[in-house]
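One structure is given here, and the rest of the page talks about it.
As the structure lists them, so they are numbered: ligands from 1, and atoms in each ligand from 1.
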Amino acid sequence: MISRRSFVSKSALALAGFSISKNSSPVNISQNINSLPIVISTWNHGLPANEAAWEILSKGGNSLDAVEAGVRIPEADPKVITVGYGGIPDSGGKVTLDACIMDEKGRAGSVACLENIKHPISVARLVMEKTPHVMLTGKGALQFALDNGFEKENLLTPQMKKPGRSGKRKKAFNTKINIENQVLENHDTIGMLAIDRDGRISGACTTSGMGYKMPGRVGDSPIIGAGLFVDGEVGGAAATGSGELVMKTLGSFLVVELMRNGMSPTEACEEAVHRIAKKIPNYQQHQVGFIALNKSGEYGSYCIQPGFNFAVKTENKTVLEDAETWIKKL
Ligand code: ASP
């Protein structure tokens with residue numbers, strides 16, 4: 001039987017002109033409505049990132065400023081070896097960064113394969129705000145950053161140059177790709193979603209990508225709709241894990257569309273993982289995790305393998321939660 005709350009919610013969606021898929025499970029919003037503002041982000045490094053976002057959100061600031069400030073924390077932290085400065089290089093020894101940002105108005109900016117700039121998220125924001133384009137890549141992205149006052153920095157830390165690291169990581173890469181928490185020091189992409197006091201939702205996603213990737217490889221993280229998608233009328237979603245699987249299913253866009261059609265954030269993330277499981281034969285060899293946040297402040301998550309967690313911050317809550325998983329045991 002459909003609960004009154006989900007009925008009200010579905011009715012409101014229907015009145016607002018949204019289609020409701022017949023296959024959608026009932027909306028389950030009663031469990032998890034949170035007061036605004038709220039910020040959620042992927043992995044343990046989401047905790048300090050959320051704190052930086054909260055500084056802005058708690059003062060009534062804009063969610064766009066909050067997500068940018070939030071993800072700049074792991075970008076600058078050399079201990080986070082899958083984001084920004086200190087990130088794992090590609091197989092040619094270069095650190096190349098991918099990032100994107102999106103706000104509730106549908107504005108978006110992105111950079112891919114950017115070298116020597118510590119904060120790709122801020123370059124992505126400038127692409128959004130100062131250019132007629134959505135995405136800049138490689139040398140063009142670097143030139144744009146330098147033209148806008150960013151400094152060129154060496155992002156390859158001594159830790160990443162240590163002999164033996166490359167062999168160890170390459171082995172991990174070649175066997176079971178990117179199954180988090182199995183590979184030492186692997187903490188992955190940060191995707192962050194936030195709603196401010198005025199109900200505006202924004203998202204950011206930033207990464208150094210898959211460790212020892214082929215030179216020139218770009219993953220899902222800077223692709224609008226894959227690594228991140230935000231729709232101010234519905235909510236947002238972000239992805240982490242093997243980007244190729246997320247790109248082939250346009251995962252974050254899919255999650256948002258499923259929420260539009262009435263699913264809860266958790267149900268939508270589960271369905272996006274199910275889509276991967278249905279379409280991609282060797283999906284068991286990979287990890288993918290989604291987080292989602294709807295306009296009401298309800299959040300959810302789902303992943304392929306156990307081991308993916310995400311950080312949540314509201315006025316009353318600062319927690320790290322384990323995502324539900326498709327494969328229940330490794
Ligand atoms: N999604 C990122 C990529 O494929 C990596 C990750 O989140 O682990 O580049």
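Residue-to-ligand polar distances keep Gly219 apart from ligand 1: every N/O pair is separated by 3.5 Å or more. On a distance-only criterion, Ser242 and ligand 1 share no N/O pair closer than 3.5 Å. At least one N or O atom of Thr189, backbone or side chain, sits closer than 3.5 Å to an N or O atom of ligand 1.
Shown here are the side-chain hydrogen bond (donor to acceptor under 3.5 Å, both in side chains) partners of Arg107, two or more places apart in sequence or in another chain: Asp103.
Between Phe290 and Tyr302, a ring centre-to-centre spacing not shorter than 6.0 Å is recorded.
Listed by atom number, the atoms of ligand 1 under 4.0 Å from Asp188 heavy atoms are 6 (C), 7 (O), 8 (O). The distance from ligand 1 to the heavy atoms of Asp220 drops below 4.0 Å at these ligand atoms: 1 (N), 2 (C), 3 (C), 4 (O). Atoms of ligand 1 found under 4.0 Å from any heavy atom of Met210 (numbered from 1 in listed order, with element): 9 (O). Applying the 4.0 Å criterion to heavy atoms of Gly209 picks out, from ligand 1, the atoms 9 (O). Under a 4.0 Å criterion applied to the non-hydrogen atoms of Ser221, ligand 1 contributes the atoms 1 (N), 2 (C).
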request  = Report the C-alpha separation of Glu75 and Arg72 in whole Å, then their side-chain angles, then the decisive distance to 0.1 Å, and conclude whether the salt bridge (Lys or Arg N to Asp or Glu O under 4.0 Å) test is met.
outcome  = CA-CA 5 Å; Glu75 280 186 343; Arg72 282 173 63 100; 5.6 Å; no
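Only the side chain of Arg217 comes within contact range of ligand 1, with a heavy atom under 4.0 Å; no backbone atom does.
One finds a salt bridge joining Asp196 and Arg200 here, because a Lys/Arg side-chain nitrogen approaches an Asp/Glu carboxylate oxygen to under 4.0 Å.
Of the possible polar contacts, none joining the Ser221 side chain to the Ala99 backbone as a donor-acceptor pair under 3.5 Å is found. Not one N or O on the side chain of Glu104 forms a donor-acceptor pair closer than 3.5 Å with the backbone of Asp231.
Taking the six-membered ring where the residue is Trp, His274 and Trp326 present parallel rings, their angle staying beneath 30° rather than reaching 60°.
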